[in-house]
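Remarks on the structure that follows.
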There are 2 protein chains.
Amino acid sequence: MIQHKKISRIIEKRIRDHIYPPLSKIPTQNELAEEFHTSRVTIKKAIDSLIAKGLLVSNRGSGTFVKSNPLINEMNFSGDSYLGLTATMGTEKGRISSEVIKFEIEFPNLRLQKTLLLEKSQPVYHIIRLRKLDNEPFQLEHTFMPIEVIPGITMEVLEHSIYSHIQDTLGLKIGSSFRIVKAVKPDDFDKNYLLCQSDDPVLEVEQVVYLDNGIPFEYSRSRHRYDKGGIVFNNQIER
Amino acid sequence: MIQHKKISRIIEKRIRDHIYPPLSKIPTQNELAEEFHTSRVTIKKAIDSLIAKGLLVSNRGSGTFVKSNPLINEMNFSGDSYLGLTATMGTEKGRISSEVIKFEIEFPNLRLQKTLLLEKSQPVYHIIRLRKLDNEPFQLEHTFMPIEVIPGITMEVLEHSIYSHIQDTLGLKIGSSFRIVKAVKPDDFDKNYLLCQSDDPVLEVEQVVYLDNGIPFEYSRSRHRYDKGGIVFNNQIER
DNA sequence: TAGTGGTCTAGACCACAGG
DNA sequence: CTGTGGTCTAGACCACTAG
């Protein structure tokens, strides 16, 4: 485990346990460097990641402080938002189930060729899955993946987890994702599977996911029932 | 200007100008350190920020590469997403206008007291503004700000820019924001001002904005016409 | 003025990729 | 093996806050 990551987790725990209470000043970087037998730069890195998470705020000259964030509990999503958006629902993964609506192999259209850097002769999986929480559908996901990049997908894999297949079976690492969020009207799929009324809005997340070597391996559109969850995020403002 | 920021801007420009073409390997950190007469740590910081922006990807052992991101042009939002969401529409700020629908002073309700850390006796501005692009309404924003924290707001300020009042007139610095994005049904305000039909979805962004000392100074809900823009973002996956 | 965080350096060691 | 990026150190200087 990387040092600064380990330290940042310890500090995060102290914040969540109120060992460092809201609005209080945490020890100086020098004090923390001494406590963890490390250098100030490493402490700084750990603190920076907690600032990025919205838990701390630093003021040159006066110190580093715990942010009073009443929404802190809505922020447990951090770290596994790549599991679709299920993480925003909390940690109740046991209650989540998946149903495969469609699983076919196709040739990519032009848009998909550009997005996933494919020739038209390189086939892709076209997968539609319905996700349910306590047997209530909340998300319908249309996924496209190139067979060449992610081989060996089967119904079994789909019912379990594509991501563990990619990471554990294929030994690939996921690097980053790029998303566009919109509100849209429900289409026939949404009405059928998400049980949407015609005037129910749908939250659409369009996503391109990259491996850690920069190769795009997934294009997907997830469609969410408007009354089952949103997307939470935290921004640092650039100066 | 901070060194690593300056360097990252130069590198970013080289990427956008295809001096470092898509998928190509950029010079090693050592080479860049030499070119910019700086240390490798500083180069690393610059590269890290471009990785966070989704422009680069690094591989230990082989080098740092330009990501082929077909959506790169949709990513010009970086840096001023705190100007509401107008930045996602491009850089066409000249075509954007604001109309103040409501500007009153109220006492905060319980939720607002908790969110902005206020007593019920500390009044807040309650502002509703309609934003238009080429005279077409696209966003309706409900804003609450404590008078104590952000004094001196007038109609004139509202018609110009709240943020330049905060930063330039009051000399305060904006630190971070916390957002929740949802799809919702239009309410009467939306129908009136955004000219939504009953079955048009609305993209709602709930937001708490903090000063750089960690004090929350704004709670707002922006409501967007579903056909005028979405929200774009980029994620690095944690390992 | 003393203490704090922000930035930077020069050098080191490691893990990993590729020949 | 060599070269790459990932991480870390010890020390330095600066900008800012607060007493």
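By convention in this document, chain letters (A, B, ...) are assigned in the order of the sequence lines, proteins followed by strands, and residues within each chain are numbered from 1.
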Hey, which of these two, A:V41 or B:R60, hits DNA chain D nearer its 5' end, going by closest nucleotide? B:R60
If you look at every heavy atom in B:F217 and B:V149, which pair is closest and at what distance? CB-CG1, 3.8 Å
Considering only NZ, NE, NH1 and NH2 on the basic side and carboxylate oxygens on the acidic side, decide whether B:K182 and B:E206 come within less than 4.0 Å. yes
For B:F36 and C:dT7, give me the distance from atom CZ to atom C1', rounded to whole Å. 17 Å
Would you please confirm or rule out a distance under 4.0 Å between OP1 or OP2 of D:dG5 and any side-chain N or O of B:S58? no
Whole angstroms only, please: what is the CD1-P distance between B:I2 and D:dC14? 16 Å
In whole Å, I'd like the distance from the NZ atom of B:K44 to the C1' atom of D:dT7. 8 Å
Give a yes/no answer on whether the side chain of A:H4 brings an N or O atom under 4.0 Å of OP1 or OP2 in D:dT7. no
Ion pair check, A:K25 and A:E31, cut-off under 4.0 Å: no
Separation of D:dC14 atom C1' from A:R40 atom CZ, nearest Å, is 11 Å
Find the distance B:L50:CG to D:dG5:P and express it as a whole number of Å. 14 Å
Compare side-chain N and O positions of B:Q29 against OP1 and OP2 of D:dG3 and report whether any pair is under 4.0 Å apart. no
C:dT9 phosphate, OP1 or OP2: any side-chain N/O from B:T42 under 4.0 angstrom? yes
Could you tell me whether the side chain of B:I180 reaches within less than 4.5 Å of the side chain of B:V205, counting heavy atoms only? no
Using whole Å, report how far CG of A:L172 lies from P of C:dA17. 12 Å
Quick one: is D:dC8 close enough that its OP1 or OP2 comes under 4.0 Å of any side-chain N or O from A:K45? no
Reckon B:S39 has a side-chain N or O less than 4.0 Å from the OP1 or OP2 of C:dT9? yes
Separation of B:E31 atom CD from D:dG5 atom P, in whole Å? 8 Å
Can you see if the side chain of B:T38 gets near the phosphate of C:dC8 - specifically, an N or O under 4.0 Å from OP1 or OP2? no
Calculate the interatomic distance between B:I47 atom CD1 and D:dG6 atom C1'; express it in whole Å. 12 Å
Watson-Crick/G-U partner (both atom distances under 3.5 Å) of D:dG19: none
Salt bridge present between B:E119 and B:K114 (N-O < 4.0 angstrom): no
B:Q3 side chain near C:dG6 phosphate (N/O to OP1/OP2, under 4.0 Å): no
